[in-house]
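Encoded as structure tokens, the structure appears first; notes follow it.
Residue numbers start from 1 in every chain, and the chains themselves are labelled A, B, ... in the order their sequence lines are given, proteins ahead of strands.
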Protein chains: 2
Amino acid sequence: MTPHTRYRGLVTRTNSRRTSRRAVYETLRRKVLTLELPPGAALSENELAASLGVSRTPVRESLILLVEEGLVQVFPQVGSFVSRVDPGRVADAQFLREAVELASLEDLPAELDAELVAELRRNLDEQRRPGLTVEDFFALDEDFHHGLLRLAGHGRAWATVVSAKGHLDRARRLGLQETPPAGFADQHVEILEAVLAGDVARARAAMRTHLRAVFDDVEAIRERSPELFASASGTVPVRRNVVVWE
Amino acid sequence: MTPHTRYRGLVTRTNSRRTSRRAVYETLRRKVLTLELPPGAALSENELAASLGVSRTPVRESLILLVEEGLVQVFPQVGSFVSRVDPGRVADAQFLREAVELASLEDLPAELDAELVAELRRNLDEQRRPGLTVEDFFALDEDFHHGLLRLAGHGRAWATVVSAKGHLDRARRLGLQETPPAGFADQHVEILEAVLAGDVARARAAMRTHLRAVFDDVEAIRERSPELFASASGTVPVRRNVVVWE
DNA sequence: CGCGCAGTACTTGTATACAAGCATCCGTCG
DNA sequence: CGACGGATGCTTGTATACAAGTACTGCGCG
């Protein structure tokens, strides 16, 4: 239990040097989630590296992370592809999200953090501003739900939800290409009011209704655009020269 | 909407060539979770590569995945370290797990899958066998909880729970070095009986009691072995030549 | 004896080279 | 005309080389 050498002093002031992998990962993830890289698209590590001005290494490491999130599929010696929206994973994400967000409502403290509440109120005002773009709406929606979790002291659980709900988000975007849905803002208001009133049961009911509405949207989209979803029996990638949707 | 070239046929019969990265990742993850690589240990990519008989590439890619799970910390140009058990992440995992497992109990179908039920029964018999090792107990415990999720049709959500609860598992192992805890098997029995009786409320109560017992164990361990947990203010890695626990 | 500073050995991040394997293309043969 | 089969170009997986930066060591000096 004796140290081998002297302990000279504290190590490692936090090194926050920005690595290029982080930038590459965030870029690719954004492009996948915004459908700029659509489901089924072929991803060549070489091409991505060239277009991003880096080598294969950071690209490859980013793809590995995206595989972990289920957003990309890699077939050794064959190719890498943006994964089709998997209805199974969408359902998984829906279940996970519902479980977490409903459970957090039961952990709300008696005295809510005033700063957080003010933030949520400002968020809702923004949501009802006319002329909101789809991008803005999604960002506000994310912040609102994240804020509710933080209110209950479970803010970090949001990261897990985020990484699991990639498929869910893509499906939602498929259906919300043009205008933000007006009804969702009202549902958000209802949830927050119930929370502020300390009515857990009502908040849970409102939240469940809200999340289920999102899920139903996805089901409708699936009927409209089945080609963007994974087939039931295994996922078959699309070769580059077989353009399915152009 | 016309293909550029003919569609020749089906692509990619599932290539299941075993990559060395997968083996390296599983090895490292196991060593971290079983505390063979204890919290705070320094990990040199070069040393790991040499000892595993591969190059830095698969080692490095595995470490990236472990970072994503929070089991490893990498400081650029400084070093890589097995992360200390972070009480915050333990609490997060506890919350996530409780939310998911309790929610799944509400989704149990009226007719339970007979094969799964039989499997759970066999599992419980095994748990009560005398002379059970700690390793066996953990494996059975995992299977039992996973099986309950599958019973509700949410088996895939287990993967998310697993990747989030690495810190929780390490803390539990710290406390269960010698003998499997006898009480847990009884709690499992109670849960399954309530499920089979179709009594959701009782099943939820039993599950909550069970999971909270696990969590309380962790708290006790923290008081006993604080040096294995992360300090409150930022995580300070341990240099190789400063042996903390040997 | 204590302090400061430069050298050195180590770290991870990135780029590149090579290996193994699959899909396609195209000529050949029946 | 159709089918088979090898050459070819692509893919990802792995190994290695180099770059940038940190921490430790040990000497010199006060």
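Phosphate contact (OP1/OP2 of dT11(C), side-chain N/O of N46(B), threshold under 4.0 Å): present. An OP1 or OP2 oxygen of dT12(D) is reached within less than 4.0 angstrom by a side-chain nitrogen or oxygen of S80(A). A close approach under 4.0 Å does not occur between any side-chain nitrogen or oxygen of S55(A) and OP1 or OP2 of dT14(C). Between dT11(C) and S44(B), a contact under 4.0 Å exists linking OP1 or OP2 to a side-chain N or O. Distances shown here put a side-chain N or O of S20(A) below 4.0 Å from the OP1 or OP2 atom of dT14(C).
Toward the 5′ end of DNA chain C lies the nearest nucleotide of R21(A), the other residue of the pair R56(A) and R21(A) mapping further downstream.
Protein atom CD of E45(A) is 21 Å distant from nucleotide atom P of dG9(D), rounded to whole Å. Rounding to whole angstrom units, CZ of residue R18(B) and P of dT14(D) are separated by 11 Å. The distance between atom CG of L43(A) and atom P of dT12(D), rounded to the nearest whole Å, is 8 Å. We find that CD of E47(B) is positioned 16 Å from P of dA9(C), with the value rounded to whole Å. Atom C1' of nucleotide dA17(C) and atom CZ of R60(A) are separated by 14 Å, given to the nearest angstrom. Atom CZ of F81(A) is separated from atom P of dC22(C) by 14 Å (rounded to the nearest Å). Per the geometry, CD belonging to Q77(A) stands 12 Å off P belonging to dT11(D), to the nearest Å. Look at CG on L63(B): it is 13 Å from C1' on dG13(C), rounded to the nearest Å.
At a threshold of 4.5 Å between non-hydrogen side-chain atoms, the residues Q73(B) and S80(B) do not count as touching. The shortest side-chain heavy-atom distance between L71(A) and R170(A) falls under the 4.5 Å cut-off. A 4.5 Å side-chain heavy-atom check between V72(B) and V74(B) finds at least one atom pair inside the cut-off.
Each of dT22(D), dT14(C), dT12(D) was ranked by its minimum atom distance to the side chain of E61(A); first place goes to dT14(C). In the set dA15(D), dT14(C), dG13(D), the nucleotide with an atom closest to the side chain of P76(A) is dG13(D). The side chain of P58(B) lies closest to dT14(D) when the candidates are dA15(C), dT14(D), dT12(D).
In this structure, R172(B) is not positioned above the aromatic face of F138(B) in the sense of NZ or CZ being under 6.0 Å from the six-membered ring centre and within 45° of the axis.
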May I have the list of side-chain donor-acceptor pairs in residues 54-67 of chain B shorter than 3.5 Å, sequence neighbours left out?
unit_1 : atom_1 : unit_2 : atom_2 : d
S55(B) : OG     : T57(B) : N      : 3.2
R56(B) : NE     : E45(B) : OE1    : 3.0
R56(B) : NH2    : E45(B) : OE1    : 2.8
R60(B) : NE     : E61(A) : OE2    : 2.7
R60(B) : NH1    : E45(B) : OE2    : 3.2
E61(B) : OE1    : R21(B) : NH1    : 3.4
E61(B) : OE2    : R60(A) : NE     : 2.7
S62(B) : OG     : R21(B) : O      : 3.4
S62(B) : OG     : Y25(B) : N      : 3.2
S62(B) : OG     : P58(B) : O      : 2.9

